[in-house]
Amino acid sequence: MQRVGGAGGTPSPVDAVGGAFIDRTPPWLKDSAVGLFGTNDKVALYVGIAIVLVLLSCLVGLLAVRRFVAGAALLVLLVVVAAAAVLSRPQATPTDLLPLLLGAVVGLGSLWFLTGTRGPAGPEDEARPSDAATAGGVSRRVLMGAGGAAVLVGVVGVAVGRVVAGGARGAALARSVFVLPKVAHPVAVPAGADLGISGVTPFIVPNADFYRIDTALVVPRIDPASWSLRVTGMVDREVRIDWATLLTKPMQEAMVTLMCVSNEVGGTLNGNAIWTGWPVRELLREAGVQPGADMVLSRSIDGFTAGTPLETLTDDRNSLIAIAQNGEPLLPEHGFPVRLVVPGLYGYVSATKWLAELKVTTFAQDQGYWTPRGWSALGPVKTQSRIDVPRDRASVFAGTVAVAGVAWAQHRGITGVQVQVDAGDWRDARLGTDATIDAWRQWVYEWPATPGTHTIAVRAVDATGPETATQAPPAPNGASGHHTITVTVA
Ligand SMILES: Nc1nc2c(c(=O)[nH]1)N[C@H]1C(S)=C(S)[C@@H](COP(=O)(O)O)O[C@H]1N2
Ligand SMILES: [Mo]
């Protein structure tokens, strides 16, 4: 088993409940679910959990005031539910229950003191009705209650601090322990690929700005020394490759634009980078793929899975077991130490981060994480384009205005981009230099802007023609339709 280094890999009860919630996201949320759990939405989920916790605490308190046993029973029930969530997480160990147990003890203790219960309700309480009202009693209870609350806050604070600090330390250590191997054929950005237009997404997106999408509430912090990747399933021999062995393999570089299926038309859930890794097909060759297999189910250390067509991992494209992004070890958020990168497919069926296993199998037998949640089993990227400048609803001055953005048709290649103003003819935009069919291209159209309000639409062209005008939502297999903006010219 792979081990998770650092405290950051240990799910807190809150993360466990949140994670269990994410995994059980009901169908009515499915349309937005893949995108929903981007970085901001995780904060929203935490706030939601906090509000629910406060409300539940109030309920526990109200019940306990009437009958201590009822309040205590609800508290215990909540702890049991949370414990079940903790233990349902893929990386859970029994020690993960410790914070919950502590919380339960402190919670019950606080409840005890705050309700003034001395024991089972009985004639003794009736005999001393004024006990709670005596000055000494109140101040003692307030003191004890405040003390209990302080302990509770302290426990939570320590737990949060431990996760944050421990995780950061573990990641920093792990990412500093290796020097990237040399590659035989480094990939460079061709001159003119980046048109240098202000406001347009950089041709190579810096790692820190790269979009992040995953179901992980706590970023797994993996010690490469204990990491390994297993190849299982329909293979002649199961193979296990550890970190040290992986680093001895001949590494390749490839420029690939990664893309999320939940990206809306005009959305920014995509990014282009140079990835360094060992071709997946080499590892599959070592294992020996058996006839009849048509899918590789890649599994993350946190339980996420992606179902990738076997041929996209064995043909001559640059499908990589990637260890670096733009010449740097992967960031923890982007899969450190190892992730998959497959040109031409949306991330949910291919780009598994914190990679732990490749199971050679069939689409008939296995499904990736998102498939039973309403997303297509197959996820080839749709040809599309986006206007980055001007921004939608912007005001510009009359004269020549640079309308510009990016266009992508991963593994087919962009051959043109066209712009339409109002209901006019489609005009060819100027393209940035072609780097590879797997990367997006920047484009610019010098628009002679005249005063008034105008709509501007863009469409990408690949070898099969212009991108479709038919509008489709992200689910089940990617949004489509022309990105269109409105601008006011003064
Ligand atoms: N372990 C894991 N890997 C994952 C995911 C995930 O939820 N868990 N999400 C996938 C999806 S939907 C996308 S779009 C890409 C995003 O990769 P990035 O966060 O590095 O941009 O990661 C893929 N790999
Ligand atoms: Mo995605």
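We count ligands from 1, going down the list as the structure has it; atoms in each ligand are counted the same way. Just so you know, these numbers use all the heavy atoms, side chains as well, and skip hydrogens, waters and symmetry mates.
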Strictly below 4.0 Å, N to O, side chains only: are K249 and E286 in salt-bridge contact?
yes
A351 N/O under 3.5 Å from ligand 1 N/O
yes
Looking only at heavy atoms, is any part of W354 under 4.0 Å from ligand 1, and if so is it the side chain, the backbone, or both, or is it neither?
side chain
Taking the minimum heavy-atom distance to atom 5 (C) of ligand 1, which of F304, W375, F210 ranks first?
F304
Ligand 1 versus C260: contacting region, heavy-atom distance under 4.0 Å:
both
Looking just at side-chain N and O atoms, do T257 and N272 make a donor-acceptor pair shorter than 3.5 Å?
yes
Is there a polar contact, in the sense of an N or O pair closer than 3.5 Å, between T215 and ligand 1?
yes
Looking at every non-hydrogen atom in both residues, tell me the closest pair between L258 and R339 and how far apart they are.
CD2-NH2, 3.6 Å
Carboxylate-amine/guanidinium contact D388 R386, below 4.0 Å:
yes
How far apart are the C-alpha atoms of W227 and V338, what are their side-chain angles, what is the distance that settles it, and do they pass the side chain to side chain contact (heavy atoms under 4.5 Å, CB included) test?
CA-CA 9 Å; W227 173 91; V338 176; 3.6 Å; yes
Report the part of L258 in contact with ligand 1, treating N, CA, C, O as backbone and CB onward as side chain, heavy atoms under 4.0 Å; options are side chain, backbone, both, neither.
side chain
If you measure from atom 3 (N) of ligand 1 to every heavy atom of R212, E333, Q325, K353, which option wins on shortest distance?
K353
Could you list the atoms of ligand 1 found under 4.0 angstrom from a heavy atom of D302?
1 (N)
Considering only heavy atoms, does V261 approach ligand 1 within less than 4.0 Å through its side chain, its backbone, both, or neither?
neither
Nearest heavy atom to atom 17 (O) of ligand 1 wins, so pick from R299, H334, M259, R339.
R339
Please step through salt bridge (Lys or Arg N to Asp or Glu O under 4.0 Å) for the pair D438 and R317, ending with a clear verdict.
CA-CA 9 Å; D438 297 328; R317 82 183 72 191; over 6 Å; no
Around atom CZ of R393, are there more than 12 heavy atoms of other residues, nucleotides or ligands at under 6.0 Å?
no
Just distances here: any N/O of Y348 and N/O of ligand 1 closer than 3.5 Å?
no
